[in-house]
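Have a look at this one.
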Amino acid sequence: MYTQKVIDHFMNPRNKGKPREYDAVGKVGNPICGDVMYIYIKVNGNRIENIGWETMGCAAAISTSSMITELARGKTLEEAEKITKKDIADALDGLPPIKMHCSNLAADGLKKAIENYRKKVEK
Amino acid sequence: MYTQKVIDHFMNPRNKGKPREYDAVGKVGNPICGDVMYIYIKVNGNRIENIGWETMGCAAAISTSSMITELARGKTLEEAEKITKKDIADALDGLPPIKMHCSNLAADGLKKAIENYRKKVEK
Amino acid sequence: MIYMDHSATTPVDKRVLDFMLPYFGEKYGNASSLHSLGQEAKKAIEEARVKVAKVIHADPSEIYFTSGGTESNNFAIKGVSFADKDKGKHIITTKIEHDCVLNTCKWLEKRGFEVTYLDVDKHGLIDIGDLESSLREDTILVSITHANNEIGTVQDMEEIGKTVKESNAYLHTDAVQSVTKLPVDVKKMRLDMLSISSHKIFGPKGVGCLHIRKGVKLDPLAHGGGHEGGLRSGTENVSGIVGFGEAMKIGEEERPKAMPRLQKLRDKIMDNVLKIDNTWLNGHPQKRLPINANFSFKFIEGESLVLLLDAKGIEASTGSACSSKSLKPSHVLLAIGLKPEEAHGSLRLTLGKDNTEKDADYLLEVLPEVVSELRKMSPFKKDYGEFE
Amino acid sequence: MIYMDHSATTPVDKRVLDFMLPYFGEKYGNASSLHSLGQEAKKAIEEARVKVAKVIHADPSEIYFTSGGTESNNFAIKGVSFADKDKGKHIITTKIEHDCVLNTCKWLEKRGFEVTYLDVDKHGLIDIGDLESSLREDTILVSITHANNEIGTVQDMEEIGKTVKESNAYLHTDAVQSVTKLPVDVKKMRLDMLSISSHKIFGPKGVGCLHIRKGVKLDPLAHGGGHEGGLRSGTENVSGIVGFGEAMKIGEEERPKAMPRLQKLRDKIMDNVLKIDNTWLNGHPQKRLPINANFSFKFIEGESLVLLLDAKGIEASTGSACSSKSLKPSHVLLAIGLKPEEAHGSLRLTLGKDNTEKDADYLLEVLPEVVSELRKMSPFKKDYGEFE
Ligand SMILES: Cc1ncc(COP(=O)(O)O)c(C=O)c1O
Ligand SMILES: Cc1ncc(COP(=O)(O)O)c(C=O)c1O
């Protein structure tokens, strides 16, 4: 069902947990559907200096949470914003089609975090 | 499906064939149904001295043909007439229910032969 | 590997497999063939029929072999519906049936039948009064599972039988999970039909049966050459059927010893797992399959739990949406009143004869760790209210 | 024992059984389970699907595993009928179909469908013009067997495919007897559906498949947990499916060598048996399964013939009424114009890969003796006219 990469990120998730310091969080998903993801970012200048997450969900949800931290860390907000569901799935060597829709929330979570960060900065 | 006795009488049928001498024949069955039996009797006084048969049919038809020769030989016509389908089936340790109806024709054949014999004698 | 998913399927018992083996390459006759190879196959099938019938106190002529539980349930429900549509178009079942009952009923609803889905209480039991008041003049069938496959709750089939017998309806029970785990008696339960599946009782997959009481009229699901008294055509799966028969025999013979042992093991698991905070038992505390434990762990999702347990060598299952083809959480857990977010975090452990004390100990060591690990990752620690 | 009844069933090939064995007691997972045991089973099923698809030039996603040929045929015909009843209620089939097609059609007739049963000529071939003129606006399905199981006659499926494609109807073929004996190509034949049964091709009993072309809509026969893309629910018979897949693979690989050899053997049998007086061949002299010979012997009955051959160690079959559950002689033999009394005296010999030259020689020694023995017992020597 899952690729080796998915299993690896699920079994050994990177950067899990709420970071001690963060500037914004993006919350996506819905407990009723079984998948909820919080993406935390710490921004330095225009770059994502640190990123962490808390996820309740299936292996796809957890492994995509883990993967996005690897894809986004060190990127500018503009670069990070452009990460798509497909980028994450590709980086994991693919996800079961059914999981593409429902559990691949990390890109949305990151976008929301960036959005929230900008709102906060603008204020 | 068949008892040992049926198989024995089918594989080693007794008194098969049209006897060289006979007084009457009883023909029963129907080629369209797949079972036809000719029962030949030779009568001495009032007793069945010899009995033979020709049968086209399944193992039940052949084994009942064979069995009736054992049951009827030496019997008086009155006695022989009383042989029933059930007597033959019992003597064979039973027949599959379905075969009781369609292939157990020997008793009818014998009755018809006796009938024909009587008609001939009366003439 | 520690297999604790026996309600999903079981390994074929070594003795059962040995019993089956000659029927592949040697005694391979078609049971409809006249020749000795065919008759040998036929005899083997009839012997299996006797074994199966004995376990449920039925007559061998009342056993119709099928390809499994799903077919048996479809056959029972559609068979009666097709045959009895002029007598009435009302069917009663419950909200916690297996999908093969529910989806058959839903299909029939689209074809003009009316179906009442009985509620269950928080433990998964139906209310007999409810059943009684749902029975109508035109009710042709009541179909209620004996022991639920997810939460293990066992219905009082004798009471249900008594109630249904006072109506015109036939009574069918899905005994796929209960047979060889609990006593099953078609006479005491006053059943008209009963479904069994071989692969749940250490027999091979792809075979099962429907018991049909003499006199009950139903249309075949599989028309054809007239096998199984004309009610289930198709060349008989001889190796499967003889394996199923032997599995029934062994399962029932060993039940009196096996079940108390497994129940004790299950109770130990239950007592200890329930010590984990924010955890509860699903299903009835007493009226449940001796081999079944079903827990909900708040704040985590079941697929992850099952996969992490798998990585530690423990095989189990969950009612989480992610585990199902429909992407909906278990309808059974929802029917007993769980919120969807609670249903996602369920774990089903179902024991079998090979499970030992050591297995339970290992599980009890691993499971709390895994739950804790997942909870650490989860955004929820107290309740789901924090979510915006 | 000399087995010449391969159209009834076949032994499981040793290599197939070896392939299946791990899936009973070791790799026993339920293919729906999330854990590794379940995923291993799933993978095995998907591999089998690829093997099956390859033989008939289909896409693996078009293969739906079932419990055998009977279920596949019921599924195809009822499935389309239930799904398409608003599009039309007319079905076309032939008079020489297997009982599982005919009895399904008869059942549908009782439920408001109209069925045209095409005639066949004395060799068992349908007339394409006949098919063409039977096709109507409201014809939803044409179901025609590729190779007949009794007389071995092979229809021109490409021609049939071309004809049906000009209508709105789906085309289904029962390829239970032809696959691995003849080339079968769902694309060249323009098929919408095709049925296969494992136990006819040296695979295990109780498994088969329906090929369903992408885009074809039909209702499931077995509703439930959503297995097989929701079209055929029920826990997959993993050992059976992997055995079926392997049998397909082996059967097709060996076809180019096996069939010419068996055809030569069959021809030798045919040539010599036809030397017996009052004997003829049933089915087409050329357009027939390479493994099939079907004879009529006048004045004798088939069950007796089969049982006497059995006693001499030769296993064969007959179209006699006594051999059937319906007590009627073969509808196929009647459809090609035999009189009932002639149909009772038929013998079907169907060869398989284990049959040798020596087997044929032994048969040719024994069969004339047995026929002569039965004829000596028969009241008929010249014709049936003597009967009063
Ligand atoms: C209660 C119940 N009914 C029916 C079934 C279906 O049986 P099968 O898997 O043999 O199709 C199952 C198992 O899947 C079950 O647990
Ligand atoms: C042409 C044909 N169709 C269908 C079937 C039925 O297949 P199964 O025996 O797998 O149910 C058979 C064999 O019995 C057959 O010969």
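Naming: A, B, ... by sequence-line order, numbering from 1 per chain.
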Do side-chain atoms of C/Asn73 reach the backbone of C/Cys100 as a donor and acceptor pair under 3.5 angstrom?
no

If I measure from the heavy atoms of chain D, does C/Val306 come under 4.5 Å with its side chain, its backbone, both, or neither?
side chain

C/Ser198 side chain vs C/Pro204 backbone, donor-acceptor pair below 3.5 Å:
yes

By a 4.5 Å heavy-atom criterion (distance strictly below it), what part of D/Ser36 contacts chain C: side chain, backbone, both, or neither?
both

Criterion side chain to side chain contact (heavy atoms under 4.5 Å, CB included) on D/Arg15 and D/Glu246, from CA distance to verdict
CA-CA 8 Å; D/Arg15 293 163 292 177; D/Glu246 191 62 12; 5.6 Å; no

Non-hydrogen atoms of chain C under 4.5 Å away: do they reach the side chain of D/Ala41, the backbone, both or neither?
neither

Could you check D/Val370 against D/Ile314 for side chain to side chain contact (heavy atoms under 4.5 Å, CB included), going step by step and ending with a plain yes or no?
CA-CA 11 Å; D/Val370 168; D/Ile314 298 168; over 6 Å; no

Proximal component of C/Phe75, with respect to chain D [non-hydrogen, under 4.5 Å]:
neither

Bottom line for D/Leu17: the part with an atom under 4.5 Å from chain C's heavy atoms is side chain

The interface call for D/Phe202 against chain C, heavy-atom contacts under 4.5 Å, is neither

Going by heavy atoms in the side chains, are C/Leu347 and C/Leu309 under 4.5 Å from each other?
yes

Give, as side chain, backbone, both or neither, the part of D/Thr66 having an atom under 4.5 angstrom from any heavy atom of chain C.
neither

Contact origin within C/Lys78 toward chain D - heavy atom pairs under 4.5 Å
side chain

When heavy-atom pairs shorter than 4.5 Å are enumerated against chain D, which of C/Pro220, C/Gly240, C/Ser317, C/Gly234 gives the highest number?
C/Gly234

Side chain / backbone / both / neither for D/Asn74 at chain C, heavy atoms under 4.5 Å
side chain

Please rank D/Leu307, D/Asp13, D/Thr10 by heavy-atom pairs under 4.5 Å with chain C and give me the top one.
D/Thr10

May I ask you to test the D/Thr145-D/Ile96 pair for a side-chain heavy-atom distance under 4.5 Å?
no

What part of C/Thr104 is in contact with chain D, defined as an atom under 4.5 angstrom from a non-hydrogen atom: side chain, backbone, both or neither?
both

C/Asp219, part contacting chain D, at a heavy-atom distance under 4.5 Å
side chain

Would you find a donor on one side and an acceptor on the other, under 3.5 Å apart, between the side chain of D/Thr93 and the backbone of D/Ser143?
yes

Counting distance only, does the side-chain N/O of C/Glu228 pair as donor-acceptor with the main-chain N or O of C/Leu231 below 3.5 Å?
no

Residue among C/Gly68, C/Ser239, C/Gly29 with most heavy-atom pairs under 4.5 Å to chain D
C/Gly29

Between C/Asn103 (side chain) and D/Gly224 (backbone), is there a donor-acceptor pair under 3.5 Å?
yes

Under 4.5 Å to a heavy atom of chain D? For C/Ala311 that would be neither

Answer yes or no: is there a donor N or O on one side and an acceptor on the other, between the side chain of D/Ser72 and the main chain of D/Cys209, under 3.5 Å?
yes

If one checks every heavy atom of C/Leu37 against chain D at 4.5 Å, the contacting part turns out to be both

Please classify the contact between D/Ser233 and chain C as side chain, backbone, both or neither, with a heavy-atom cut-off of under 4.5 Å.
both

Specify which of D/Met1, D/Arg232, D/His98, D/Arg111 makes the most heavy-atom pairs with chain C at under 4.5 Å.
D/Arg111

Under the 3.5 angstrom rule, does the side chain of D/Thr318 hit a backbone N or O of D/Ser346 as a donor-acceptor pair?
yes

